[in-house]
Q: 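Sharing a structure below in structure tokens format, with a few things to ask.
One-based numbering, in listed order, for ligands and for the atoms of each. Computed over heavy atoms, backbone and side chain alike; hydrogens, waters and symmetry mates excluded. In what follows, residues are counted from 1 in the order of the sequence shown.
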Amino acid sequence: MPLTVPTPEKHGAAAGALQAPERSDWTIDQGWERYTAAEHALWKLLFERQCRLLPGRACEAFVSGMRALPIGGDQIPDFRRLSEVLLRHTGWQVVAVPGLVPDEVFFDHLAHRRFPAGNFLRTPDQLDYISEPDVFHDVFGHVPMLMNPALADYMQAYGVGGHRAQALGVLSKLSRVYWYTVEFGLVQQADGVRIYGSGIASSFKESVFCLDDPSPNRIRFALERVMRTRYRIDDFQETYFVIRDLDELLELARIDFGPLYERVQDKADYEPGQVLASDGLIYRGTGQYHADKRRS
Ligand code: HBI
Ligand code: FE
């Protein structure tokens with residue numbers, strides 16, 4: 001693979017193919033001082049738009065985490081200030097990376113309670129969709145939940161488990177668990193089903209789709225079931241898995257996945273929209289949204 005040295009003065013455009021890191025852990029300076037007025041303004045737009053959607057949709061932990069952090073609406077947050085607060089609450093830090101980093105580097109950060117966040121911001125023509133995690137997805141989507149002790153421990157366990165899954169050749173199975181919890185998870189709250197997954201919390205359209213649209217399935221989270229379920233990376237999910245409460249993540253963090261990998265290894269995968277007789281079905285989706293897309 002041809003390797004080029006990243007240009008540190010650039011936000012945004014620098015994200016793309018993996019580039020040779022200056023530091024072996026792939027961290028870079030956030031370069032907060034280099035954000036332009038236009039980038040801060042775009043952050044403000046994204047932030048305010050999303051904040052209007054989240055009351056009644058995001059879970060309580062997300063909202064209280066957000067409130068306690070120095071994530072103002074006006075400017076892109078400074079990772080050093082986020083880390084000060086996070087460290088006090090759950091022992092986590094936010095470190096800057098130029099975009100997606102190799103799996104083992106990602107796991108190593110999580111295993112040490114460091115969350116690697118992209119320092120670049122999407123451009124105005126990518127308001128609703130970007131393929132790489134930018135500072136809005138990573139900070140707005142992930143950091144509030146890292147204030148929650150259960151999710152904080154779960155994320156660390158994922159980092160530790162990631163190394164192990166890689167060694168066992170079962171990373172795709174573990175990635176699904178991460179995807180359907182940390183990124184696209186829903187949680188049962190006394191007053192209804194709520195969002196805790198970062199991929200939805202940071203998405204203008206999917207934060208509505210996942211809860212209000214008749215199309216997707218909402219199914220009770222079950223570990224083996226999720227390990228076998230493929231997911232969509234380029235569109236809304238066809239199924240969302242709902243945990244009982246955030247403490248269920250702590251239970252997951254303590255389970256030895258080893259025997260599960262063995263059981264699941266030779267079994268067939270499930271399609272993203274498939275519903276099984278054994279599912280704890282909360283809501284059976286019409287599947288309309290994805291059916292329409294497949295037809296066109
Ligand atoms: N790198 N910066 C960053 N952010 C991620 O979410 C990320 C990554 N590298 C690998 C990765 N995620 C996933 O593919 C792993 O969870 C398997
Ligand atoms: Fe993410």
Q: Would you say Gly99 touches ligand 1, if touching means a heavy atom closer than 4.0 Å?
A: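 Under 4.0 Å: yes for Gly99.
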Q: Starting from atom 5 (C) of ligand 1, locate the nearest protein heavy atom and write down its residue, its atom name and how far away it is, to 0.1 Å.
A: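 I find the closest protein heavy atom is Phe106 CE1, 3.2 Å.
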Q: Ignoring hydrogens and angles, tell me if any N or O in the side chain of His290 forms a donor-acceptor pair with the backbone of Phe236 under 3.5 Å.
A: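 Here the side-chain-to-backbone pair exists.
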Q: Hey, is NE2 on His163 packed in by over 12 heavy atoms from elsewhere, all under 6.0 Å?
A: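 Atom NE2 in His163 is crowded, with more than 12 foreign heavy atoms closer than 6.0 Å.
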Q: Can you tell whether the side chains of Asp134 and Arg122 come within less than 4.0 Å, N to carboxylate O?
A: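 Yes, this pair counts.
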Q: Can you sort out which atoms of ligand 1 are near Val101, meaning under 4.0 Å from one of its heavy atoms?
A: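 Heavy-atom distances to Val101 below 4.0 Å select 1 (N), 2 (N), 3 (C), 8 (C), 9 (N), 10 (C).
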Q: For atom 16 (O) of ligand 1, state which one of Trp179, Tyr178, Tyr158, Phe115 supplies the nearest heavy atom.
A: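 Going through Trp179, Tyr178, Tyr158, Phe115 one by one, Tyr158 has the nearest heavy atom to atom 16 (O) of ligand 1.
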Q: Any idea which N/O/S atom from Glu183 gets closest to the Fe ion (ligand 2)?
A: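 Considering only N, O and S atoms, Glu183 comes nearest to the Fe ion (ligand 2) through OE2.
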Q: Are the side chain of Gln188 and the backbone N or O of Ile243 linked by a donor-acceptor pair below 3.5 Å?
A: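 Here the side-chain-to-backbone pair does not exist.
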Q: Counting only heavy atoms from other residues, nucleotides and ligands, does the tally under 6.0 Å from CD of Gln274 exceed 12?
A: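 Counting other residues, nucleotides and ligands, CD of Gln274 exceeds 12 neighbours.
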Q: So for atom CZ, which belongs to Arg49, do other residues, nucleotides or ligands contribute more than 12 heavy atoms lying within a distance under 6.0 Å?
A: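 Atom CZ in Arg49 is packed in, count exceeds 12.
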Q: Should you measure from each heavy atom of Ser175, which atoms of ligand 1 turn up under 4.0 Å away?
A: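 Numbered from 1, ligand 1 contributes 17 (C).
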Q: Given Asp138, Asp103, Leu100, which one has a non-hydrogen atom that is nearest to atom 13 (C) of ligand 1?
A: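 Going through Asp138, Asp103, Leu100 one by one, Asp103 has the nearest heavy atom to atom 13 (C) of ligand 1.
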